[in-house]
Number of protein chains: 2
Amino acid sequence: MKVLAVDDEPQILRILRASLAARGHEVSTAPNGETALDILAGADVDLVLLDLGLPGIGGVEVIRRLRSWSSVPVIVLSVRDAQADKVTALDVGADDYVTKPFAMDELLARMRAVLRRKGAPDDEPPVVRAADLEVDLPKRLVTKAGRPVHLTPTEFALLELLVRNPGKLLTHRWLLQKVWGDAYGEESHYLRVYVANLRKKLEEHPGSPSLILTEPGVGYRWMAAESDQEPGRAEQDGR
Amino acid sequence: MKVLAVDDEPQILRILRASLAARGHEVSTAPNGETALDILAGADVDLVLLDLGLPGIGGVEVIRRLRSWSSVPVIVLSVRDAQADKVTALDVGADDYVTKPFAMDELLARMRAVLRRKGAPDDEPPVVRAADLEVDLPKRLVTKAGRPVHLTPTEFALLELLVRNPGKLLTHRWLLQKVWGDAYGEESHYLRVYVANLRKKLEEHPGSPSLILTEPGVGYRWMAAESDQEPGRAEQDGR
DNA sequence: CGTGAGCGTCAAGATGTCGTCAAGCTCGGA
DNA sequence: TCCGAGCTTGACGACATCTTGACGCTCACG
């Protein structure tokens, strides 16, 4: 397990290096964002521990650039965890966060959790069904009650993100950056228009949506509400 | 079960040692903060009982330093009218408190409650279950009896803090600062409103809550009420 | 027995966000 | 050049959430 620890405080790096090496991990360190990105570009790294308050390019920017070519797990180490900081880091692609000062065993638990999540390759079914709707991702084909529904490229991109993350709350920023690009994190007006388009084409009653739910102030959520005719499935009871 | 008891009164230590050893615990003791930290750095300890009125570095400082590298449960022993110290200790990371003089079985009950969360240790389960309730942190999805429950952003932030710290007594100030930001440490009125909202949406009987417990004058506590198969336990009567 | 502090509850106003419609714009193909 | 599909942008009413205040209750204390 190769871990890259990024922090501008040498003491933190020392502690991390010692604790992780004692558990058999191979640890490399970087004192700032530039060095971190260099290392990530060159060497294999299985997990990144990243301080947010870095000199030079900040931790958020590091994640943003890193995510353009790599999906290596990133755990953020932040001093404060007021809502805003936390959400920003997760928005740009961090996998989890730990507040400093942190307990070593908590960090280790988060590391295991993040790696497990990444490791499990979710076999996403290529075709998603909900009520009388059918979304065939590979064919880029959507049918409602057997009839094909025409979607524009942008509409389909947005729908694809939603159905690939059923039940999960997707933030405005995340959706915008995935569909329109990293520079469009703030244009939440686009979302409103395109969500409205999708609902008009897909929902039974666009006025009171049951597929694309809005979570005010945060984002949207795809609810595969197919539990009506299948009462036996008590979903993934991972016990 | 290895317990470290820290107190400057030898008599208290004697009583603790005797009572805990009789229950099969392995007890070590320390008369002051420095010794306590030395022991904690060297040996495995499963739980700490810590007096606040210590000579040298005080109990609060011990917790603060300890929390920078360990999350071992800490139960504070405080004298009756040291309300302020008690709250400060919880703010910096203590798990619970017992006021001196205390009944031994109350202390033991608190120990069990605090340890219950360590009982299923390691990876924090990304999805928390309690009775017919299910909280999926990554998805930001809460379901009760299979039905999704809608929470506002603030409600969810508060719930997340609670379920991530089961059994732990969380102070008003700590919760306020985490959810609303550092400047909101005093606005405990917000907490009352939002705790009421959560109880109304999640509790079976919002009038007599069993998930979110009130600790008058101090804070709130999430009871990991997974004791379904143990109906005999009616403890939380701490009056 | 009276009093006050802390808690739970309700409701109403303020604030910001969302849904909707429609018009202007861009760009590729006929 | 013209046309049309799709994308952007603006305006406005509707709505959800947050905030704030008032009130009744319980409990500890004098």
Side-chain angles (χ1 to χ4, degrees), chain A residues 82-84 87 140 142 149-159 162 169-173 175-176 178-181 183-203 205-221, chain B residues 80-81 83-84 86-87 99 140 142 148-159 169-173 175-176 179-181 183-203 205-221 236-239:
Chain A
Q83 270 315 83
V87 170
R140 299 184 74 84
V142 179
V149 177
H150 175 74
L151 296 185
T152 73
T154 306
E155 286 166 3
F156 188 86
L158 180 56
L159 177 64
L162 288 166
L169 173 48
L170 308 174
T171 65
H172 297 146
R173 174 180 296 270
L175 288 167
L176 284 162
K178 291 282 181 183
V179 175
W180 280 269
Y184 290 74
E186 311 298 330
E187 312 290 331
S188 48
H189 191 79
Y190 291 9
L191 269 184
R192 285 203 284 280
V193 173
Y194 277 86
V195 166
N197 290 345
L198 282 179
R199 293 212 258 235
K200 209 176 304 175
K201 293 182 178 178
L202 305 181
E203 294 269 7
H205 306 288
S208 58
S210 64
L211 292 172
I212 305 177
L213 271 46
T214 142
E215 298 282 346
V218 189
Y220 293 91
R221 188 199 303 271
Chain B
R80 177 165 267 291
D81 31 314
Q83 175 87 358
K86 184 170 71 187
V87 173
T99 52
R140 290 183 83 92
V142 178
V149 177
H150 177 76
L151 297 184
T152 73
T154 307
E155 286 165 2
F156 187 87
L158 179 57
L159 177 65
L169 175 45
L170 306 174
T171 65
H172 296 146
R173 169 179 299 271
L175 287 168
L176 285 163
V179 174
W180 281 269
Y184 289 74
E186 311 300 328
E187 312 287 333
S188 47
H189 188 76
Y190 290 9
L191 269 185
R192 284 202 285 281
V193 173
Y194 278 88
V195 166
N197 289 347
L198 282 179
R199 293 212 257 235
K200 207 177 305 176
K201 291 182 178 179
L202 305 181
E203 294 269 6
H205 306 289
S208 58
S210 64
L211 293 172
I212 305 176
L213 270 45
T214 302
E215 298 283 343
V218 186
Y220 294 91
R221 185 200 305 269
Q236 76 279 16
D237 185 45
R239 277 308 94 78

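The analysis underlying the following values was restricted to heavy atoms, covering all of them including side chains, and did not include hydrogens, waters or symmetry mates. As the structure is a computational prediction, the values presented were derived from the model and not from experiment. First the proteins, then the strands, lettered A, B, ... as listed; each starts at 1.
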Are the side chains of [X] and [Y] in touch, meaning some heavy atoms are under 4.5 Å apart?
{"X": "B/P209", "Y": "B/L211", "value": "no"}
{"X": "B/V87", "Y": "B/H172", "value": "no"}
{"X": "A/L213", "Y": "A/Y220", "value": "no"}

Check: residues 151-158 of chain A side-chain donor-acceptor pairs under 3.5 Å, at least two apart:
residue	atom	partner	partner atom	Å
A/T152	OG1	A/E155	N	3.2
A/E155	OE1	A/T152	N	3.0
A/E155	OE1	A/K201	NZ	2.8
A/E155	OE2	A/K201	NZ	3.4

Interatomic distance where [atom1] belongs to [X] and [atom2] belongs to [N] [whole Å]:
{"X": "A/K201", "N": "C/dT20", "atom1": "NZ", "atom2": "C1'", "result": "16 Å"}
{"X": "A/L213", "N": "C/dG19", "atom1": "CG", "atom2": "P", "result": "10 Å"}
{"X": "A/H205", "N": "C/dG19", "atom1": "NE2", "atom2": "P", "result": "18 Å"}
{"X": "A/L198", "N": "C/dT20", "atom1": "CG", "atom2": "P", "result": "12 Å"}
{"X": "A/L176", "N": "D/dT9", "atom1": "CG", "atom2": "P", "result": "13 Å"}

Item to check | Test side-chain hydrogen bond (donor to acceptor under 3.5 Å, both in side chains) applied to A/E215 - qualifying residues, sequence neighbours left out | outcome: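 Once residues adjacent in sequence are excluded, the partners of A/E215 under the side-chain hydrogen bond (donor to acceptor under 3.5 Å, both in side chains) criterion are A/R221, B/H150.
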Between side-chain atoms of residues 189-199 of chain A and protein atoms elsewhere (two or more places apart, or another chain), which donor-acceptor pairs fall under 3.5 Å?
residue	atom	partner	partner atom	Å
A/H189	ND1	A/R192	NH2	3.4
A/R199	NH1	A/I212	O	2.5

Checklist entry - Just by modelled atom types, is the B/S208 backbone N or O under 3.5 Å from a matching donor or acceptor in the B/E203 side chain? => result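 It does not hold such a pair.
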Checklist entry - For nucleotides 2-18 of chain C, read 5' to 3', which letter fits each nucleotide if B means a protein heavy atom sits under 4.0 Å from the base, S means only the sugar-phosphate is that close, and - means neither? => result ----SBBBS------SB
Item to check | Separation of A/K178 NZ from A/R173 CZ (nearest 0.5 Å) | outcome: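 If I round to the nearest 0.5 Å, the distance is 13.5 Å.
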Which atom pairs link the protein and nucleotides 4-7 of chain D when you take only N or O atoms and keep those under 3.5 Å?
residue	atom	partner	partner atom	Å
D/dG6	OP1	A/H150	NE2	2.6
D/dC7	OP1	A/T154	N	3.2
D/dC7	OP1	A/T154	OG1	2.4
D/dC7	OP2	A/T152	OG1	2.7
D/dC7	OP2	A/Y194	OH	3.3
D/dC7	O5'	A/Y194	OH	3.2

